[in-house]
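Below is one structure, written out as structure tokens; comments come after it.
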2 protein chains.
Amino acid sequence: MNYNECPITRTLEVIGGKWKPIILHYLAECPRRSGELARLIPHASGKMLTQQLRELEVDRIVRRKVYREVPPRVEYSLSPLGESLRPIMIAMCAWGDANPKSRR
Amino acid sequence: MNYNECPITRTLEVIGGKWKPIILHYLAECPRRSGELARLIPHASGKMLTQQLRELEVDRIVRRKVYREVPPRVEYSLSPLGESLRPIMIAMCAWGDANPKSRR
DNA sequence: CAGGATCCTTATTGATACTG
DNA sequence: CAGTATCAATAAGGATCCTG
């Protein structure tokens with residue numbers, strides 16, 4: 001994962017993971033529980049989701065809040081740094097909306 | 001590469017490749033030759049670069065122009081559809097500039 | 001120079017079983 | 001429920017050789 005030195009490189013280090021933009025998209029809507037994200041992103045295995053969430057946590061993009069209850073409840077949300085990624089998410093969503101798959 | 005149905009998914013299909021955002025970043029500056037891109041993105045092997053360029057070409061993001069000369073010359077540039085990705089590239093560059101690696 | 005084809009080595013990922 | 005650990009399958013990647 002060692003790219004070169006153009007500025008986009010830094011951004012890709014943080015949101016370049018396979019599922020990270022999608023996770024961030026759903027967290028940008030509202031805080032979400034683990035199982036909730038798993039249901040929203042069914043193509044990613046649970047292992048992948050927790051792995052990507054851990055990396056986002058390490059990069060201070062995502063905040064992880066554990067409620068000490070039984071059964072356990074964990075809620076993920078965007079940190080302020082994560083919020084600063086919103087313009088990117090918005091631009092990506094806008095392009096996806098404007099250019100659906102059907103285009104040939 | 002089968003994600004789910006949020007709009008970002010479509011965008012990721014097109015620019016989600018490991019080297020695609022960086023390639024697009026350099027093509028957004030100006031048209032580039034193959035060897036030029038290889039020098040700009042030294043961490044990607046030639047095989048990877050051509051592979052990613054082919055996919056971008058198939059998705060009509062990038063235009064490939066062959067000059068029938070000896071030695072051969074091939075120039076890549078953004079198509080109009082590729083140009084429409086600019087806002088995403090700009091947002092990603094801006095974030096990378098504002099949040100360099102040194103941040104802890 | 002650009003890039004296709006091949007072989008082979010690593011990295012990612014998925015499935016399963018298990019813990020607090 | 002949320003998450004870890006392990007192992008097997010698969011995909012991505014690099015090195016090399018070759019062609020127009």
Side-chain angles (χ1 to χ4, degrees), chain A residues 1-4 9 12-24 26-27 30-59 61-79, chain B residues 1-4 9 12-24 26-27 30-79 82:
Chain A
M1 203 69 81
N2 201 352
Y3 301 91
N4 62 358
T9 296
L12 290 176
E13 285 183 3
V14 172
I15 65 165
K18 188 171 182 182
W19 304 102
K20 289 179 187 178
I22 299 182
I23 291 173
L24 293 174
Y26 285 120
L27 292 185
C30 63
R32 306 274 192 183
R33 297 183 55 176
S34 301
E36 215 175 341
L37 287 172
R39 258 177 291 105
L40 290 167
I41 314 175
H43 291 107
S45 66
K47 175 187 169 183
M48 279 300 100
L49 282 181
T50 43
Q51 179 186 301
Q52 303 270 295
L53 283 165
R54 285 294 164 282
E55 293 177 11
L56 288 170
E57 208 187 334
V58 168
D59 288 331
I61 302 297
V62 157
R63 199 178 273 155
R64 178 169 175 269
K65 181 162 185 184
V66 182
Y67 295 85
R68 291 201 53 69
E69 304 171 353
V70 177
R73 179 157 68 102
V74 177
E75 198 172 79
Y76 294 95
S77 59
L78 292 189
S79 70
Chain B
M1 203 66 81
N2 200 352
Y3 299 91
N4 61 356
T9 296
L12 290 177
E13 284 182 6
V14 173
I15 65 165
K18 188 171 184 181
W19 304 101
K20 289 179 186 177
I22 299 182
I23 291 173
L24 293 174
Y26 285 120
L27 291 185
C30 62
R32 306 275 192 182
R33 296 184 55 176
S34 300
E36 215 176 340
L37 286 172
R39 259 178 290 105
L40 289 166
I41 315 176
H43 291 106
S45 66
K47 177 186 170 185
M48 278 301 99
L49 281 181
T50 43
Q51 179 188 299
Q52 302 271 295
L53 282 165
R54 286 294 162 283
E55 293 177 11
L56 288 170
E57 209 187 334
V58 168
D59 288 332
R60 299 162 187 274
I61 302 297
V62 157
R63 200 178 272 156
R64 179 169 177 267
K65 181 162 186 185
V66 181
Y67 296 85
R68 291 200 55 70
E69 306 171 354
V70 177
R73 179 155 68 103
V74 177
E75 197 172 81
Y76 295 95
S77 59
L78 291 189
S79 71

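What you see is a predicted model; the values in this text were computed from it and never measured.
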Open item on the list: Measure CD/B/Glu55 against P/C/dG4 and give the value in whole Å, please.
Closed with: 12 Å

Open item on the list: When you measure from the side-chain N and O atoms of A/Ser34 to the phosphate of D/dG3, is any distance below 4.0 Å, counting only OP1 and OP2?
Closed with: yes

Task: Which residues share a salt bridge (charged side-chain N to carboxylate O under 4.0 Å, His left out) with A/Arg63, sequence neighbours left out - done: none

- [ ] Between B/Gln51 and A/Leu53, name the one whose nearest nucleotide on DNA chain D is closer to the 5' end.
- [x] A/Leu53

Task: Close residues, residues 64-72 of chain B, relative to DNA chain C [heavy-atom separation under 4.0 Å] - done: B/Arg64, B/Pro71, B/Pro72

Is there any protein nitrogen or oxygen under 3.5 Å from a nitrogen or oxygen in nucleotides 6-11 of chain C, and what are the pairs?
none

TODO: Taking all heavy atoms of B/Leu56 and all of B/Val14, pick out the closest pair and write down the distance.
DONE: CD2-O, 3.7 Å

Task: Any B/Arg33 side-chain nitrogen or oxygen under 4.0 Å from OP1 or OP2 of C/dA2 - done: yes

- [ ] Enumerate the residue pairs fulfilling salt bridge (Lys or Arg N to Asp or Glu O under 4.0 Å) with a member in residues 45-54 of chain B, sequence neighbours excluded, ordered by first and then second residue.
- [x] B/Arg54-B/Glu57

- [ ] Just jot down the salt bridge (charged side-chain N to carboxylate O under 4.0 Å, His left out) partners of B/Arg64, sequence neighbours excluded, or say none.
- [x] none

Open item on the list: To check you understand the geometry: which heavy-atom pair defines the closest contact between B/Tyr76 and B/Leu27, and what is its length?
Closed with: O-CD2, 3.5 Å

TODO: Provide, to the nearest angstrom, the distance between the CZ atom belonging to B/Arg32 and the P atom belonging to C/dC1.
DONE: 18 Å

- [ ] Find the distance B/Met48:CE to D/dG14:P and express it as a whole number of Å.
- [x] 7 Å

Task: Atom-to-atom span, CH2 of A/Trp19 to P of C/dT13 - whole angstrom - done: 9 Å

Open item on the list: Just the rounded figure in Å: distance from P of D/dA2 to CG of A/Leu37.
Closed with: 10 Å

Task: Integer-rounded Å distance: D/dC1 C1' and A/Glu36 CD - done: 13 Å

Open item on the list: Whether A/Ser45 contacts C/dT13 is assessed here as follows: a side-chain N or O lying under 4.0 Å from the phosphate OP1 or OP2. Is that the case?
Closed with: no

- [ ] Report the end-to-end axis angle of the helix from C/dC1-D/dG20 to C/dG20-D/dC1; each axis comes from five terminal pairs, and the value is rounded to 10°.
- [x] 50°

TODO: Whole angstrom is fine here: how far is it from NE2 in B/His43 over to C1' in D/dA15?
DONE: 17 Å

Task: Interatomic distance where CG belongs to B/Leu49 and P belongs to C/dG4 [whole Å] - done: 12 Å

TODO: Please name the pair of heavy atoms, one in B/Glu36 and one in B/Pro31, separated by the smallest distance, quoted to 0.1 Å.
DONE: OE1-O, 4.4 Å

- [ ] Taking only the side-chain heavy atoms of B/Val74 (C-beta and beyond), determine which of C/dA2, D/dA2, C/dG4 contains the nearest atom.
- [x] C/dA2

Open item on the list: Restricting to non-hydrogen atoms, name the atom on A/Trp19 and the atom on A/Gln52 that form the minimum distance, rounded to 0.1 Å.
Closed with: N-OE1, 3.1 Å

Task: Nearest atoms (heavy-atom pairs only) where B/Ile15 meets B/Lys20 - done: O-CB, 3.9 Å

